[in-house]
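Notes follow the structure.
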There are 2 protein chains.
Amino acid sequence: MKHRTLSCDYGCPVEAAMQVIGGKWKSLILYHLHCNSIMRFNALQKAIQSINQRMLANQLRELEADKLVHRKVYPVVPPKVEYSLTELSKPLGEILLNLRDWGEYYTNALDKT
Amino acid sequence: MKHRTLSCDYGCPVEAAMQVIGGKWKSLILYHLHCNSIMRFNALQKAIQSINQRMLANQLRELEADKLVHRKVYPVVPPKVEYSLTELSKPLGEILLNLRDWGEYYTNALDKT
DNA sequence: CCGTATCCACTTTGATACTG
DNA sequence: CAGTATCAAAGTGGATACGG
């Protein structure tokens with residue numbers, strides 16, 4: 001579970017980008033945050049169905065450390081925490097939208113063959 | 001090294017996309033192929049410095065199986081093999097360009113803090 | 001030049017149970 | 001509601017040596 005928070009010795013910026021959005025879940029989390037602006041922990045888990053609590057919490061922590069999600073905690077009972085994109089990750093949200101479209105195009109194209 | 005070639009039970013297309021470009025190398029390979037149109041095995045290895053032969057061969061095979069790279073073999077000695085994007089992956093190349101720009105923006109922004 | 005084969009360490013992910 | 005803790009399984013990546 002060691003997550004190397006960014007040093008700047010990347011060769012190519014593509015590598016840097018993949019480093020922070022790579023893995024099985026991060027791009028999905030960011031994508032859903034982009035579409036919904038603000039989401040609570042539970043909402044994210046419902047949106048991503050197959051993720052479990054441990055992974056969701058885990059990935060959110062890493063994204064937060066990399067300054068790609070903002071975490072707002074309301075000091076109430078029961079707990080309320082809201083997640084959203086940051087200024088850094090907002091442009092990335094747009095790209096993920098394109099990636100989503102390509103993913104659709106791609107799977108459709110595969111189906112036809 | 002088990003690579004599940006695509007079935008179509010993805011929830012969200014973002015997931016599908018990440019499935020095929022995920023991992024440490026694939027996005028980089030596709031990015032370089034996008035920039036150079038056609039590249040030989042050696043050229044790719046030089047472009048990506050830190051990758052080793054096994055991984056490069058491996059990832060290229062998977063990308064080929066997923067129809068994201070085209071592999072053209074010239075029956076000559078010494079061997080000559082050219083790799084290029086396919087119709088399916090060309091639009092992806094454009095997206096990787098955007099991802100590259102964001103990666104640059106992101107690392108610069110981090111440096112300033 | 002363009003790969004394969006083997007072998008192994010590390011990392012990531014998942015199931016389950018528990019908590020303030 | 002929003003998490004942690006623990007344990008185990010699976011996946012991924014790397015070094016090295018060899019081959020047509």
Side-chain angles (χ1 to χ4, degrees), chain A residues 1-7 10-11 15 18-29 32-33 36 38-66 69-84, chain B residues 1-7 10-11 15 18-29 32-33 36 38-66 69-84:
Chain A
M1 205 64 45
K2 187 175 38 163
H3 176 64
R4 186 159 43 107
T5 282
L6 293 182
S7 61
Y10 299 110
E15 201 172 347
M18 288 306 295
Q19 183 106 10
V20 291
I21 68 164
K24 192 168 174 182
W25 304 112
K26 288 182 181 173
S27 57
L28 275 177
I29 293 171
H32 284 291
L33 287 179
N36 296 285
I38 295 181
M39 296 180 82
R40 298 180 60 177
F41 191 92
N42 258 5
L44 276 167
Q45 202 177 352
K46 271 178 200 118
I48 309 184
Q49 292 292 346
S50 53
I51 199 172
N52 64 30
Q53 286 188 312
R54 192 183 74 92
M55 287 308 294
L56 181 53
N58 211 313
Q59 302 295 293
L60 282 170
R61 292 291 168 279
E62 293 188 3
L63 288 168
E64 194 189 355
D66 287 337
V69 309
H70 176 67
R71 181 166 179 264
K72 180 166 187 182
V73 183
Y74 294 83
V76 295
V77 179
K80 173 174 174 177
V81 180
E82 289 179 344
Y83 293 94
S84 56
Chain B
M1 206 63 42
K2 188 176 37 164
H3 177 64
R4 186 160 43 108
T5 282
L6 293 182
S7 60
Y10 298 110
E15 200 173 347
M18 287 306 294
Q19 183 105 12
V20 291
I21 68 164
K24 192 168 173 182
W25 304 113
K26 288 182 180 173
S27 57
L28 274 177
I29 293 171
H32 285 291
L33 287 178
N36 296 285
I38 294 180
M39 297 181 81
R40 298 180 59 177
F41 190 92
N42 259 2
L44 276 167
Q45 203 177 349
K46 272 177 200 119
I48 310 186
Q49 293 293 346
S50 52
I51 199 171
N52 64 29
Q53 285 189 316
R54 189 183 75 94
M55 287 309 293
L56 181 53
N58 210 313
Q59 303 295 293
L60 283 169
R61 291 293 167 277
E62 292 188 2
L63 288 168
E64 194 188 355
D66 286 336
V69 309
H70 177 67
R71 179 164 179 266
K72 181 166 187 183
V73 183
Y74 294 84
V76 296
V77 177
K80 173 175 174 177
V81 181
E82 289 179 344
Y83 293 95
S84 56

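A note on names: the letters A, B, ... follow the listed sequences, proteins ahead of strands, and every chain is numbered from 1. Below, all heavy atoms of this structure are taken into account, side chains as well, without hydrogens, waters or symmetry copies.
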Between [N] ([atom2]) and [X] ([atom1]): distance, integer Å:
X     : N      : atom1 : atom2 : answer
B:L28 : D:dT12 : CG    : C1'   : 16 Å
B:E62 : D:dG13 : CD    : C1'   : 12 Å
B:L56 : D:dT16 : CG    : P     : 18 Å
A:I51 : C:dT13 : CD1   : P     : 9 Å
A:W25 : D:dG11 : CH2   : P     : 14 Å
B:N58 : D:dG11 : CG    : P     : 14 Å
B:K26 : D:dG11 : NZ    : P     : 14 Å
B:K80 : C:dC2  : NZ    : C1'   : 14 Å

Output a table of nitrogen or oxygen pairs between the protein and nucleotides 15-20 of chain C separated by less than 3.5 Å.
from   : atom 1 : to    : atom 2 : distance (Å)
C:dA15 : N6     : A:R54 : NE     : 3.2

What's the separation between atom [atom1] in [X] and atom [atom2] in [Y], rounded to the nearest 0.5 Å?
X     : Y     : atom1 : atom2 : answer
B:E15 : A:K24 : CD    : NZ    : 7.5 Å
B:I29 : B:M39 : CD1   : CE    : 10.0 Å
A:Q19 : B:S27 : CD    : OG    : 10.5 Å
A:W25 : B:M18 : CH2   : CE    : 12.0 Å

Within the pair [X] and [N], is there a side-chain N or O less than 4.0 Å away from OP1 or OP2?
X     : N      : answer
A:Y83 : D:dG3  : yes
B:K24 : C:dT11 : no
A:R71 : D:dA2  : no

What's the closest nucleotide to the B:M55 side chain, out of D:dG13, C:dT13, D:dT4?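 Closest nucleotide among those given: D:dG13.
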Which parts of residues 39-48 of chain A get close to DNA chain D, meaning a heavy atom less than 4.0 angstrom away?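 DNA chain D contact set from residues 39-48 of chain A: A:R40, A:F41, A:N42.
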According to side-chain hydrogen bond (donor to acceptor under 3.5 Å, both in side chains), who are the partners of A:E82, at least two apart in sequence or on a separate chain?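 Applying side-chain hydrogen bond (donor to acceptor under 3.5 Å, both in side chains) to A:E82 gives A:Y74.
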Can you find a pair of side-chain heavy atoms, one from A:N52 and one from A:M55, that are under 4.5 Å apart?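 Yes. Closest side-chain heavy atoms under 4.5 Å.
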When the C1' atoms of the five terminal pairs at each end define the local axes, what inter-axis angle does the helix from C:dC1-D:dG20 to C:dG20-D:dC1 show, to 10 degrees?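 Angle reported: 60°, given to the nearest ten degrees.
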Let me check something: any side-chain donor-acceptor pairs from residues 41-51 of chain B under 3.5 Å, sequence neighbours excluded? List them with distances.
from  : atom 1 : to    : atom 2 : distance (Å)
B:Q49 : NE2    : B:K46 : O      : 3.4

Would you find more than 12 non-hydrogen atoms of other residues, nucleotides or ligands less than 6.0 Å from B:K72 atom NZ?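 Atom NZ in B:K72 is not packed in, count stays at 12 or less.
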Who passes side chain to side chain contact (heavy atoms under 4.5 Å, CB included) against B:R71, sequence neighbours left out?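 With sequence neighbours excluded, B:R71 shows a side chain to side chain contact (heavy atoms under 4.5 Å, CB included) to B:R61, B:E64, B:V73, B:V81, B:Y83, given in chain and number order.
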To check you understand the geometry: which heavy-atom pair defines the closest contact between A:V69 and A:L60, and what is its length?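 Nearest pair, atom of A:V69 first, then A:L60: CG2-O, 3.9 Å.
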If you compare all heavy atoms of B:S84 against all heavy atoms of B:I38, which two are closest, and at what distance to 0.1 Å?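 For B:S84 versus B:I38, the nearest heavy atoms are CB-CG1, 4.2 Å.
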Name the nucleic acid region contacted by A:Y74, choosing base, sugar-phosphate or nothing; use a 4.0 angstrom heavy-atom cut-off, strictly under.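 No contact.
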